[in-house]
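What follows is a short report on a single structure.
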Amino acid sequence: MIFYKTEEEIVLIRESCLLVCKTLAHVASLIRPGVTGLQLDKEAETFIRDHRANPGFKGYRGFPASLCISPNEAVVHGIPSKAEFRDGDVVSVDCGVYWNGYFGDSAYTFALGDVKEDVITLLRVTNTSLYLGIEQAIPGNRLGDIGYAIQEYVERRHHYGVVRELVGHGIGKNLHEEPEVPNYGKRGRGVKLQEGLVIAIEPMVNMGKKEVTHAEDGWTVIARDRKVAAHYEHTITVRKEGADILSDHSGIEEEVRKNKELKPVDVLNPAL
Ligand code: MG
Ligand code: MG
C-alpha cells in the first residue's frame, strides 16, 4: 500500500533529507585519500546525533553503520571499513536519518584524486540520469516513465549497465515503503504518479555489465565484472507543478569544489 503524504508530513521529510545532505556535505569536506570509511562513519553519526536526530541505517535489518560506503566496484550497501581510500578511488556514500518520525535518504558518489576521465564520465552520466528521472515525476505520468528516462540515457545513449536487483522506493515513516522505483522500465507503465507521493530515486549504474553479486560480508553489492559503479540519490515529492526535490546536493557540491583532493562531478546537458 502506498502512503501519500500530507503537506505537514512533507515538511518533516524535507527536514530529514536536508540533514542527510548536510551530513553528506560534512563527509565531502573530509573524504580524501588516506581517510577510512570507519572515520567518516563516526563523523557522520556524531554529526547526526548532534542535530538531535538518529542515523536511519544503523540497525536497519542489522546494518552496522550510519553510512553505506561503497568504493569502486561496490555498487551500494558497503559497510564502512578500516581500509584507507586511495588516489583514484570513486566512493558512493549513502546516508539516512530518522527525525521527528520521518526518514530522509540521499546519496552521492565522490571522485578522489586522479580519477580517470572515463570514470568521471560514468559519474556525470549517472548524476545526470537522476535528474532526467526526476523530470518525469509529474502528475499523470507513471513510474515506468521515470525508469525509462534513466535507462534510455544510461544504457542506450551511454552503453553502461543499469542495476536491476536494487531500486528506489517510497519513503516516510519507514525507510523503504511502496512503491518500488526501478531505474529501468517502459513508458506509460506502472503506478500513476500523483500529488503526495514521496519517493527516493536512485540510479545505480555499472561501467561494465549490469549484473551484480554480494560480497562475502553479506551486505555489499558489487559489480559482477568488478568494474566501477556509481550511485546518486534524491528524495522527491510529486507536485502539481512537477517534482519537488526534498534533498539538496548543492551544499555537497560546494564542499566538493573546496576540497582540492576531490574532482567535481558536473551534471551534463543531456541534449549534447
Ligand atoms: Mg540511500
Ligand atoms: Mg534509498
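In what follows, every heavy atom counts, from backbone to side chain, and hydrogens, waters and symmetry copies are set aside. In listed order, ligands and their atoms are each counted from 1. These numbers come from a predicted model, not from an experiment.
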Discussion item. Looking at Arg49, I want to see if its CZ is surrounded by more than 12 non-hydrogen atoms of other residues, nucleotides or ligands under 6.0 Å.
Written reply: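 Counting neighbours around CZ of Arg49, more than 12 heavy atoms of other residues, nucleotides or ligands fall under 6.0 Å, so yes.
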Item to complete: Only protein N/O/S atoms count here: give how many lie under 2.8 Å from the Mg ion (ligand 1).
Response: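 My tally for this metal is 4.
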Worksheet item: Is the distance between the ring centroids of His176 and Tyr60 less than 6.0 Å?
Response: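 Between His176 and Tyr60, the centre distance is under 6.0 Å.
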Practice prompt. Answer yes or no for His176: is there an N/O/S atom below the 2.8 Å cut-off from the Mg ion (ligand 2)?
Written response: no
Worksheet item: Only one of Thr235, Thr237, Asp244 forms a side chain to side chain donor-acceptor pair (under 3.5 Å) with Arg14, so which one is it?
Response: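 That would be Asp244.
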Item to complete: Inspect the contact between Glu253 and Arg257 and indicate whether a charged nitrogen and a carboxylate oxygen are less than 4.0 angstrom apart.
Response: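 No, this pair does not count.
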Worksheet, complete the sentence: Applying ring pair (Phe, Tyr, Trp, His ring centres under 6.0 Å) to Tyr160 and not counting sequence neighbours gives none
Worksheet entry | Cation-pi, Phe85 ring and Arg32 (6.0 angstrom, 45 degrees) |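 The answer is no, since Arg32 fails at least one limit relative to Phe85.
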